[in-house]
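In what follows, a single structure is set out as structure tokens and then discussed.
Treat the numbers as computed from the prediction; the structure is a model and nothing was measured. Every number for a ligand or one of its atoms is a count from 1 in the order of the listing. All heavy atoms count here, side chains included; hydrogens, waters and symmetry mates do not.
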Amino acid sequence: MAEDDKFPTQGDAPPREDLRAAARDYLVRYGGDAFPNLFRSAKGSIVIDDTGREILDFTSGQMCATIGHNHPAIVAAVNRAGTEAFHFFSGMIPEVVAELALRVGRDWVSAPLKKSIFVSTGAESNEIALRMAKMYTGGYEVLAIGGSWHGVTGGTSAVSFASDRKGYGVSAPGVYVMPEPNMYRPYIPGMSGEASALACLELGLKMFDMASSGRPAAIIVEPIISAGGVLVPPKSYMKALREAASARAMMLIFDEAQTAFGRIGYRTAAELFGVTPDIMTVSKTLGGGLPLAAAITSQAIEEDVHAKGFTFYTSHVSDPLPARVGLAVIETIEREHLIERAKSTGAYLRAGLVNLQNRFEAIGDVRGEGMLLGVELVIDRESRLPNHRLGALTTQRCFELGLSMNIRRRPERGSVWRIAPPLTISHAEIDRGLAILEQALGESLDRLAREK
Ligand SMILES: Cc1ncc(COP(=O)(O)O)c(C=O)c1O
């Protein structure tokens with residue numbers, strides 16, 4: 001008997017309809033738009049559903065599969081972990097975790113950022129950042145930005161404003177929020193996007209100072225506000241945020257779940273903006289589809305909180321399997337020059353989207369950086385009113401035609417496609433996606449015109 005046969009993997013799956021029924025009957029629904037189909041496999045920029053149909057993935061899964069689904073380097077890393085170790089006692093630091101910490105701290109972030117802690121999810125990494133900031137400063141107040149998404153755990157949902165906050169009772173005290181910088185739809189009418197963003201920041205800080213109990217701890221921000229509509233702040237905004245944090249002895253936390261490790265054509269958004277946070281969190285784009293996240297800070301902050309007894313001791317802190325995968329992800333980004341590719345492929349994709357914008361009045365704005373792009377749908381360009389129905393119809397039609405798109409719909413914030421394909425996607429695949437998008441948009445507009 002061959003070694004593998006002693007431990008057979010599961011046999012034939014039940015029929016498709018039974019599995020769809022099982023999903024309906026036995027799974028808790030967790031929000032978001034769920035597809036009626038189930039899904040079977042994924043490779044590169046393609047996902048395959050339970051009918052065997054290939055669908056082009058313009059969201060890299062949940063913005064994670066930056067180097068493509070099931071990249072051979074990731075598969076090899078998982079296999080290698082199978083011969084080494086998946087998991088240890090949390091006090092045993094695996095060699096591969098030390099190696100990953102070295103690579104991240106030395107090659108991917110700028111001084112004084114240096115020391116990492118590796119966990120599983122983005123929310124966890126932000127919980128770490130918040131706990132570190134509170135312990136370091138002795139404060140507890142956190143200033144967050146409108147439209148933000150930092151996770152759904154207790155601490156992170158308290159500082160998130162793109163997610164649903166209603167129905168879960170009292171959230172963490174000491175959280176303040178200021179309006180997000182929106183260059184397309186400035187909050188202050190008559191002002192430029194940048195002037196409005198800076199004015200909102202000034203007002204937001206004034207309100208915070210007024211309300212503060214004198215125990216500030218952190219400002220937390222996604223350098224590109226993704227779930228809130230792919231909003232790219234002006235550089236002046238990020239610099240002002242840095243100054244505001246320093247002036248108040250608050251930690252500046254950059255949540256780079258979506259922006260680090262090449263997606264935007266830079267190592268990190270901190271590099272793009274020329275602003276260094278006190279704590280950076282990374283997740284989706286480091287794990288490449290497997291659960292891996294990190295909080296990265298300076299030696300001085302790490303030493304301070306360690307001396308004060310900092311703990312974040314979990315079952316899966318420093319696990320070797322995801323670390324092996326993270327190492328494979330960053331080696332692949334380097335080997336395949338994916339940062340440069342994010343720039344060039346991003347420019348190609350953006351040009352295609354701008355081309356569509358030139359033909360469809362309903363595309364009000366195309367924005368973003370590298371391969372993290374936003375396309376905003378409007379009723380007309382004059383009013384800039386969000387076109388939610390068109391967004392929903394077109395997204396649905398795209399899926400029927402073989403393209404998976406993610407639309408963010410918020411009454412106050414517009415109707416925005418978040419387009420973030422794997423950095424490894426080919427021009428031919430982008431062309432195919434754009435052709436589907438064009439057809440779906442045209443058909444949906446026709447349908448809306450008929451309904452009038
Ligand atoms: C910017 C950002 N931060 C944090 C998170 C939370 O990460 P996770 O879902 O892995 O907990 C997300 C998830 O979408 C995110 O987009």
Side-chain angles (χ1 to χ4, degrees), residues 30-34 59-66 117-131 133 142 144-165 172 175 177 180-181 218-233 238 241 252-264 268-270 272-273 277 279-296 312 314-317 319 322 325-326 329 368-374 406-410 413 416-420:
Y30 44 82
D33 296 327
T59 64
S60 303
Q62 194 63 38
M63 315 282 153
C64 298
T66 318
I117 165 172
F118 294 98
V119 286
S120 310
T121 66
E124 265 185 292
S125 67
N126 287 323
E127 291 285 356
I128 293 170
L130 293 169
R131 283 162 71 103
V142 182
I145 316 286
S148 49
W149 183 295
H150 300 295
V152 296
T153 55
T156 60
S157 63
V159 296
S160 294
F161 292 89
S163 52
D164 289 308
R165 295 174 63 91
V175 173
V177 61
E180 67 276 20
I219 298 179
I220 185 166
V221 63
E222 292 167 77
I224 294 179
I225 301 162
S226 178
V230 193
L231 305 173
V232 186
M238 297 312 280
L241 211 52
L252 181 62
I253 302 170
F254 272 10
D255 177 350
E256 296 228 24
Q258 300 198 17
T259 48
F261 298 105
R263 159 126 342 258
I264 59 170
T268 59
L272 162 70
F273 286 104
I279 308 173
M280 180 187 290
T281 60
V282 297
S283 50
K284 295 171 184 280
T285 52
L286 176 59
L290 274 85
L292 174 62
I296 311 160
F312 203 89
T314 71
S315 307
H316 295 291
V317 66
D319 256 358
V325 170
V329 168
E369 281 291 331
M371 289 284 270
L372 179 56
L373 297 174
N406 173 246
I407 187 115
R408 301 289 313 165
R409 280 167 289 164
R410 284 275 155 177
R413 231 175 255 116
V416 183
W417 277 311
R418 195 161 44 155
I419 303 185

Is Gln258 close to ligand 1, meaning an N/O of one under 3.5 Å from an N/O of the other? yes

So Phe118 and Pro322, do their side chains get closer than 4.5 Å, heavy atoms only? no

Matching residue for Val282 among Leu292, Thr259, Ile296 - test: side chain to side chain contact (heavy atoms under 4.5 Å, CB included): Ile296

Below 4.0 angstrom, counting only protein heavy atoms, does anything approach atom 9 (O) of ligand 1? no

Sole residue of Val232, Thr285, Leu373, Leu272 in side chain to side chain contact (heavy atoms under 4.5 Å, CB included) with Ile264: Leu272

Checking Arg165 against Ser157 for the side-chain hydrogen bond (donor to acceptor under 3.5 Å, both in side chains) test, could you report, in this order, the C-alpha distance in whole Å, the side-chain angles of both residues, the deciding distance, and whether it holds? CA-CA 7 Å; Arg165 295 174 63 91; Ser157 63; over 6 Å; no

If we only count N/O pairs under 3.5 Å, is Gln62 in contact with ligand 1? no

Which segment of Glu222 sits under 4.0 Å of ligand 1 when only heavy atoms are counted: side chain

How does Asn126 reach ligand 1, by side chain, by backbone, by both or by neither, if only non-hydrogen atoms under 4.0 Å count? side chain

Expected output: side-chain Ser148 to main-chain Gly146 donor-acceptor under 3.5 Å: no

Near Thr121, which atoms of ligand 1 are under 4.0 Å from a heavy atom of that residue? 10 (O), 11 (O)

The side chain to side chain contact (heavy atoms under 4.5 Å, CB included) partner of Glu222 among His150, Glu180, Glu256 is His150

Are any of the N or O atoms of Gly151 closer than 3.5 Å to those of ligand 1? no

Any idea which protein heavy atom is nearest atom 3 (N) of ligand 1, and the distance to it? Asp255 OD2, 2.6 Å

Among protein heavy atoms, which lies nearest atom 14 (O) of ligand 1, and at what distance? Lys284 NZ, 2.9 Å

Full working for side-chain hydrogen bond (donor to acceptor under 3.5 Å, both in side chains) between Thr156 and Asn126: CA-CA 6 Å; Thr156 60; Asn126 287 323; over 6 Å; no

Looking only at protein heavy atoms, which one is nearest to atom 11 (O) of ligand 1, and how far off is it? Ala123 N, 2.8 Å

Does Glu124 reach ligand 1 with a nitrogen or oxygen that is under 3.5 Å from one of the ligand's nitrogen or oxygen atoms? no

Is Gly122 close to ligand 1, meaning an N/O of one under 3.5 Å from an N/O of the other? yes

Kindly write out the residues that satisfy ring pair (Phe, Tyr, Trp, His ring centres under 6.0 Å) with Phe261, not counting sequence neighbours, or none if the list is empty. Trp108

Distance col, row Asn406:CG vs Thr59:OG1, nearest 0.5 angstrom, shows 6.0 Å

Considering only non-hydrogen protein atoms, determine which one is nearest to atom 12 (C) of ligand 1 and report residue, atom name and distance to 0.1 Å. Trp149 CD1, 3.5 Å

